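The block underneath contains the structure these notes are about, expressed in C-alpha cells.
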Protein chains: 2
Amino acid sequence: MDATLAALADPTRRRVIDLLRDGPRPAGELAQAVQMSAPALSRHLRVLRAGGLVRAEAGGDDARLRLYSLRQEPFTALQAWLDQVQAFWAERLGSFKDHLETTQEGDRQ
Amino acid sequence: MDATLAALADPTRRRVIDLLRDGPRPAGELAQAVQMSAPALSRHLRVLRAGGLVRAEAGGDDARLRLYSLRQEPFTALQAWLDQVQAFWAERLGSFKDHLETTQEGDRQ
DNA sequence: CAATTGGTTAACGTTACTGTTAATCTTTGA
DNA sequence: TCAAAGATTAACAGTAACGTTAACCAATTG
C-alpha cells in the first residue's frame, strides 16, 4: 500500500501506467514516449517494480529488450482501501455528512 | 489527480484519513493521535486540503478549533482512474494477459 | 572478435519534502 | 486586561527524490 501510492505519486510513472494499458512495451520505447533519458526512466520503472505495479519479462526474440507490463494486484488492493474510505459516505449518516459538506458555504480555503 | 496522489503518498496523511473515517476531528486531536508535533501535522493537513481530500470548518462552540472532515470528490476521481486501469484485465484479452502474468515463472526481480 | 544496441547502475548537483523549535494570530477565560 | 490555549506560519537542518551524464553489462550483428 505504501509502495503502491509512493509509485503512483509521480506523474511520469502514472504516464507509464497509462501507456502500458495498451499492452507491454520495452523500456526504451517508454523512455521515448515520456520524453526522458533512459536512465531516468529506468529508475522510475524500478520504483514501479518495487510497488509491484509492473513486471519485466525478457523480450522473446531479442533478449536485450525488457518488456514491461501491468500487474493487477496493487490496483485491486488500492481499490479495496478506497472502497473502505467511500464507506464513509455510503450509509445514511454518511450521506447526511456529505450533504452538510457540499451545501455549506464559507469554506475556509 | 496529481495533488490527490501526492497527498496520499505519505503514510501519516493516510493515517489521518483513516482517523477521519470516524468523523470530524480538531487538528490538535489528530496531531496527538499520530504522535506528532502540531506544526508538523498542520502542514500535512495543508497538503490534504490542497488535494481537496479534507476540509476544515470552524468549531461551533470554540472558534479556536479547526474541525477537519473528509471530502468525497478526490476519492471518487481516483476510483474512476483505477477503474480505467482495471479495464485492462476486464475483457477476455485482458484476462488472458493476466493469466500469462500470474502463471509465468522466472520473473526477474 | 570488435562494434553497436538496449538497459541498468554509479556519481553528481539540484530541488523538494519532513519534522523540530520559535514566533505569530485569534479566541477563550480568569 | 492579561495569560493561556488551539492552530498556523517562519526559519532551520537533515534527508530523500529527480534528472543528467558517464561508466558498465549483456546480447546482437558485422
Side-chain angles (χ1 to χ4, degrees), chain A residues 1-17 19-20 23-69 106-109, chain B residues 1-17 19-20 23-69 106-109:
Chain A
M1 188 90 249
D2 203 68
T4 301
L5 283 161
L8 292 176
D10 186 271
T12 299
R13 292 194 284 264
R14 286 199 301 279
R15 184 89 212 294
V16 168
I17 289 174
L19 287 167
L20 291 180
R25 302 218 180 287
E29 196 171 322
L30 293 170
Q32 185 180 352
V34 302
Q35 206 95 335
M36 193 175 286
S37 68
L41 190 80
S42 184
R43 298 190 72 165
H44 281 300
L45 289 171
R46 177 150 90 175
V47 175
L48 287 170
R49 256 179 342 213
L53 296 150
V54 304
R55 63 188 284 272
E57 56 183 322
D61 52 335
D62 190 339
R64 289 174 300 182
L65 272 57
R66 297 257 290 170
L67 284 175
Y68 280 88
S69 47
D107 241 277
R108 330 183 148 167
Q109 180 69 301
Chain B
M1 188 90 245
D2 202 69
T4 301
L5 282 162
L8 291 177
D10 185 271
T12 301
R13 292 193 283 263
R14 285 198 302 277
R15 183 92 211 294
V16 168
I17 288 174
L19 287 167
L20 291 181
R25 302 218 179 288
E29 196 171 321
L30 293 170
Q32 185 180 351
V34 302
Q35 207 96 334
M36 191 175 285
S37 69
L41 190 80
S42 185
R43 296 190 72 164
H44 281 298
L45 289 171
R46 176 150 88 174
V47 175
L48 287 169
R49 256 180 342 216
L53 296 151
V54 305
R55 62 188 285 272
E57 57 182 322
D61 52 334
D62 189 340
R64 289 175 301 182
L65 272 57
R66 295 258 289 170
L67 285 175
Y68 279 88
S69 46
D107 242 279
R108 327 188 148 165
Q109 177 83 306

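Only a predicted model underlies this, so the values are computations on that prediction, with no experimental measurement involved. Sequence lines set the chain letters: A, B, ... in the order given, protein chains first and strands last, and positions in each chain run from 1.
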Q. Between D2(B) (CG) and dC17(C) (P), how many Å, whole number?
A. 11 Å
Q.
With a cut-off of less than 4.0 Å, is there a side-chain N or O of R49(B) near OP1 or OP2 of dT8(D)?
A. yes
Got a list of protein N/O to nucleotides 17-20 of chain D N/O distances below 3.5 Å?
residue: dC18(D); atom: OP1; partner: D10(A); partner atom: OD2; Å: 3.3
residue: dC18(D); atom: OP1; partner: R13(A); partner atom: NH1; Å: 3.3
residue: dC18(D); atom: OP1; partner: R13(A); partner atom: NH2; Å: 3.2
residue: dG19(D); atom: OP2; partner: H44(A); partner atom: NE2; Å: 2.3
residue: dT20(D); atom: OP2; partner: S37(A); partner atom: N; Å: 3.4
residue: dT20(D); atom: OP2; partner: S37(A); partner atom: OG; Å: 2.9

Q | Non-neighbouring partners of R64(B) that pass side chain to side chain donor-acceptor pair (under 3.5 Å), sequence neighbours left out | A | D62(B)
Q: Go through dT8(C), dT8(D), dG7(C) for me and flag the one nearest to the S42(B) side chain.
A: dT8(D)
**Q.** Distance-only donor-acceptor test (3.5 Å): side chain R64(A), base dT28(D)
**A.** no
Q: Report the residues that fulfil side chain to side chain donor-acceptor pair (under 3.5 Å) with R46(B), sequence neighbours left out, ordered by chain and then residue number.
A: none
**Q.** Approximate separation, where rounding is to 0.5 Å, of Q35(B) CD and L41(B) CG
**A.** 12.0 Å
Q | Rounded distance (Å) that lies between atom C1' of dT27(C) and atom CG of L65(B) | A | 10 Å
Q: Would you kindly give the CG-to-P distance between L45(A) and dG6(C), to the nearest whole Å?
A: 16 Å
Q: Could you say whether D62(A) or R46(B) is positioned toward the 5' end of DNA chain D, judged by the nucleotide with the nearest heavy atom to each?
A: R46(B)
Q | Test log, rule side-chain contact (heavy atoms from CB on, under 4.5 Å), inputs D2(A) and R14(B) | A | CA-CA 9 Å; D2(A) 203 68; R14(B) 285 198 302 277; 2.4 Å; yes
Q.
Does dT8(D) have its OP1 or OP2 closer than 4.0 Å to a side-chain nitrogen or oxygen of Y68(B)?
A. yes
(Q) Let me confirm one number: the OG1-CG distance from T12(B) to L48(B), rounded to the nearest 0.5 Å. (A) 10.0 Å
Q. From R15(B) CZ over to H44(B) NE2, what is the distance, rounded to the nearest 0.5 angstrom?
A. 12.5 Å
